[in-house]
Amino acid sequence: MNIVYQSTRGGQSGITASQAILQGLAEDGGLFMPNEIPKLDVEPEKLSSMTYQETAYEVMKLFLTDYTEEELKTCIARAYDSKFDTEEIAPLAKVGDAYYLELFHGSTIAFKDMALSILPHLMTTAAKKNHVDKEIVILTATSGDTGKAAMAGFADVPGTRIIVFYPKDGVSRIQELQMRTQKGDNTCVVAIHGNFDDAQTGVKKLFNDREFKEELAAKGFQFSSANSINIGRLVPQVVYYVYAYAKLLANEEISAGETINVVVPTGNFGNILAAYFAKRMGLPIGKLICASNDNKVLYDFFRTGTYDRNREFMLTSSPSMDILISSNLERLIYLSTGCDAEANKALMAELSRKGSYTVTPKMREAMADFWGNFASQEENAAEIKRVFTDMGYLMDTHTGVASAVYQKYVKETGDKAKTVIASTASPYKFSHSVMEAIAGPQEGKEEFALIDEMSAVSRTDVPKAVEEIRTAPIRHNRECDVEGMKAEVADILG
């Protein structure tokens with residue numbers, strides 16, 4: 001089956017997978033969606049004996065139909081290699097009555113590695129396939145993890161440059177150091193005076209600035225994105241949910257066809273949307289439990305049907321979820337309209353104009369697979385402490401949110417189905433908040449002293465990614481106001 005892509009707002013259709021990956025965002029500001037979500041053509045029992053790389057091919061070949069088998073297998077082999085510190089790539093840890101899917105074993109110790117390890121290879125292959133003669137400029141906003149993972153992925157990749165914008169005071173110290181010490185002559189990171197939504201909106205404006213794009217094209221540049229709005233980010237994320245189900249089968253934790261639930265700490269909505277894609281492909285997933293932090297815009301949406309970003313933006317101990325505009329939700333909205341691009345476009349225009357929209361009862365019915373709740377900072381810290389004290393398992397502040405919401409789900413619904421919790425980052429990435437959760441106030445303690453303390457308390461090794469930045473020189477010092485993002489890009493590109 002030949003899958004092609006169209007914009008969720010109707011402006012483009014019949015686009016190949018490689019063209020969609022190169023473009024990132026559709027010309028009309030919409031997101032690319034496949035003309036249909038394909039069904040898995042391999043039985044889960046067969047998948048249960050496959051490696052992560054083999055599973056990745058079986059899933060990705062169904063979406064990326066203009067890539068040859070050789071091209072796709074080469075991209076997969078280059079992405080999922082020794083940069084991951086476990087052979088399984090995404091191991092499952094059974095803790096109590098849940099299974100934590102550890103997505104942080106890549107080179108930047110966060111789940112973004114899972115997709116951003118392969119995106120540069122998919123993109124450079126796409127550039128060759130489509131005879132691109134311009135330098136590809138990856139333009140990305142980050143709430144903390146995407147930036148480092150994207151820069152690590154694209155560092156010194158020929159024919160590409162990458163510019164990352166992050167909120168100056170809106171990421172953890174380790175996240176900031178990871179970005180500011182990044183090597184690579186083609187990498188650049190800029191701190192903006194604003195929050196993640198400001199950075200994301202600014203990047204989208206640059207994508208939609210035709211005059212600026214034409215100016216850059218004349219100089220030999222073209223924009224693309226490494227954010228989860230890029231379909232080349234979303235498709236690789238589907239893989240690890242399929243792999244997790246197959247591993248549960250292989251470990252005889254479930255029987256063939258048994259339904260599982262999935263819990264995902266959610267900010268920009270891409271990670272949980274990938275689980276929904278896996279369900280639509282035929283994977284036996286019951287509920288998709290959307291876990292929010294104090295910025296509970298998604299919780300409110302699933303409870304009321306109204307998406308409203310007109311609220312106070314809160315900086316929390318789970319910064320990658322400090323988001324009020326969940327870009328990938330647009331893809332779910334589009335699906336819930338029955339793929340009616342005009343209806344979706346009208347809702348997105350409403351969001352842009354007044355900061356909110358309300359979906360119809362029929363659309364809410366189409367989203368019944370989702371269940372939303374949130375965990376406050378206090379509930380998050382208490383859950384991290386409970387799981388560590390009772391079971392010896394240390395989790396980061398985003399996984400803590402997911403775990404706390406899972407407890408609420410079971411209490412509210414009584415549903416005891418086997419459950420996979422997406423564990424999205426290493427606790428070492430948020431050492432200050434995690435140590436405060438398990439050991440009380442840590443005022444005045446230096447970041448790396450806390451990291452060494454965490455290693456001793458948890459009896460785990462400090463990840464290589466953290467050791468590397470302990471003494472690494474700062475290479476990036478740029479910062480600007482939101483209004484200055486365009487001028488910054490122009491300056492960086494000379």
Side-chain angles (χ1 to χ4, degrees), residues 5-13 20 23-35 141 143 194-210 225 227-231 234 266-273 276 288 290 292-314 321-374 482-483 485:
Y5 291 80
Q6 65 259 341
S7 167
T8 51
R9 301 184 193 180
Q12 282 180 280
S13 59
Q23 208 175 307
L25 192 68
E27 285 167 1
D28 59 0
L31 310 187
F32 285 115
M33 278 288 283
N35 59 329
S143 54
N195 60 40
F196 169 72
D197 288 334
D198 296 325
Q200 182 167 252
T201 302
V203 164
K204 281 184 177 176
K205 273 185 185 167
L206 290 173
F207 269 97
N208 294 326
D209 188 331
R210 292 200 170 204
S225 173
N227 274 83
S228 56
I229 54 174
N230 193 315
I231 199 72
L234 188 61
T266 308
N268 221 13
F269 207 75
N271 201 2
I272 195 164
L273 185 72
Y276 182 59
L288 296 136
C290 178
S292 300
N293 64 12
D294 284 307
N295 291 290
K296 52 191 177 68
V297 65
L298 288 165
Y299 162 72
D300 291 339
F301 171 68
F302 284 119
R303 291 289 159 122
T304 66
T306 296
Y307 191 93
D308 187 357
R309 65 173 171 85
N310 300 309
R311 62 184 71 204
E312 184 191 352
F313 183 94
M314 299 175 76
M321 298 160 70
D322 291 346
I323 293 171
L324 295 181
I325 305 171
S326 301
S327 287
N328 268 290
L329 185 64
E330 179 170 346
R331 286 187 163 113
L332 180 64
I333 297 297
Y334 172 75
L335 287 170
S336 73
T337 63
C339 301
D340 182 338
E342 284 306 310
N344 175 68
K345 186 179 176 182
L347 289 170
M348 294 307 122
E350 210 176 323
L351 180 66
S352 181
R353 192 174 66 252
K354 65 174 195 175
S356 67
Y357 60 80
T358 300
V359 299
T360 65
K362 192 177 176 185
M363 288 169 69
R364 285 191 75 184
E365 209 177 296
M367 295 184 268
D369 290 331
F370 290 86
W371 187 93
N373 213 316
F374 77 101
V482 178
E483 298 74 28
M485 289 170 67

Check N230 against A20 and note the closest heavy-atom contact, atom names and distance. OD1-O, 4.3 Å
Determine whether a donor-acceptor pair (N or O, by modelled atom type, separation under 3.5 Å) exists between the side chain of S352 and the backbone of A349. no
Measure up the F370 and F302 rings against each other and bin them: parallel (under 30°), tilted (30 to 60°), perpendicular (over 60°). parallel
Drop me the distance from L324's CG to D197's CG, to the nearest 0.5 angstrom. 5.0 Å
Could you measure the distance from the CG atom of L206 to the OG1 atom of T201? Nearest 0.5 Å is fine. 11.0 Å
Does Q6 form a side-chain hydrogen bond (donor to acceptor under 3.5 Å, both in side chains) with Y334? I'd like the steps, not just the answer. CA-CA 11 Å; Q6 65 259 341; Y334 172 75; 3.2 Å; yes
Nearest 0.5 Å, what's the CG-CG distance between N344 and L31? 8.5 Å
Pair F374 and Y299, ring centroids less than 6.0 Å apart: yes
Could you check M485 against K205 for side chain to side chain contact (heavy atoms under 4.5 Å, CB included), going step by step and ending with a plain yes or no? CA-CA 10 Å; M485 289 170 67; K205 273 185 185 167; over 6 Å; no
Rounded distance [0.5 Å steps], CE in M367 versus SG in C290: 11.5 Å
Side chains of S143 and I323: does their closest heavy-atom pair fall under 4.5 Å? yes
For K345, does the NZ atom have more than 12 heavy-atom neighbours from other residues, nucleotides or ligands under 6.0 Å away? no
Closest non-hydrogen atom pair, T337 against A343: CG2-CB, 4.1 Å
Quick one: does L273's side chain get under 4.5 Å of L234's, heavy atoms only? yes
Donor-acceptor pair, side chain of E27 and main chain of Q12, under 3.5 angstrom: no
Applying salt bridge (Lys or Arg N to Asp or Glu O under 4.0 Å) as the test, list every pair that has at least one member in residues 360-372; sequence neighbours left out. K279-D369
Which label fits Y307 and F301: parallel for a plane angle under 30°, tilted from 30 to 60°, or perpendicular past 60°? perpendicular
Q200-N227 side chain donor-acceptor pair, cut-off 3.5 Å: no
Looking at every non-hydrogen atom in both residues, tell me the closest pair between Y276 and L332 and how far apart they are. CE2-CD1, 3.7 Å
Would you check if the side chain of N295 reaches a backbone N or O of D322 as a donor-acceptor pair within less than 3.5 Å? no
Closest non-hydrogen atom pair between N268 and S327, with its separation: OD1-N, 2.9 Å
State the CG-CZ distance between N373 and R303, to the nearest 0.5 angstrom. 5.0 Å
Which pair of non-hydrogen atoms, one from L25 and one from G30, has the smallest distance, and what is that distance? CD1-O, 3.4 Å
Looking at F32 and G24, what are the two nearest heavy atoms and their distance? CD1-O, 4.0 Å
Sort and list the pairs that fulfil salt bridge (Lys or Arg N to Asp or Glu O under 4.0 Å) and have at least one residue in residues 323-337, not counting sequence neighbours. R9-E330
Report yes if some heavy atom in the side chain of L347 is under 4.5 Å from a heavy atom in the side chain of M363; otherwise report no. yes
Decide yes or no on side chain to side chain contact (heavy atoms under 4.5 Å, CB included) for N293 and M314, but give the supporting numbers first. CA-CA 9 Å; N293 64 12; M314 299 175 76; over 6 Å; no
Is any side-chain heavy atom of S326 less than 4.5 Å from a side-chain heavy atom of L298? yes
With rounding to the nearest 0.5 Å, note down the distance linking CG in D294 to CZ in R311. 11.0 Å
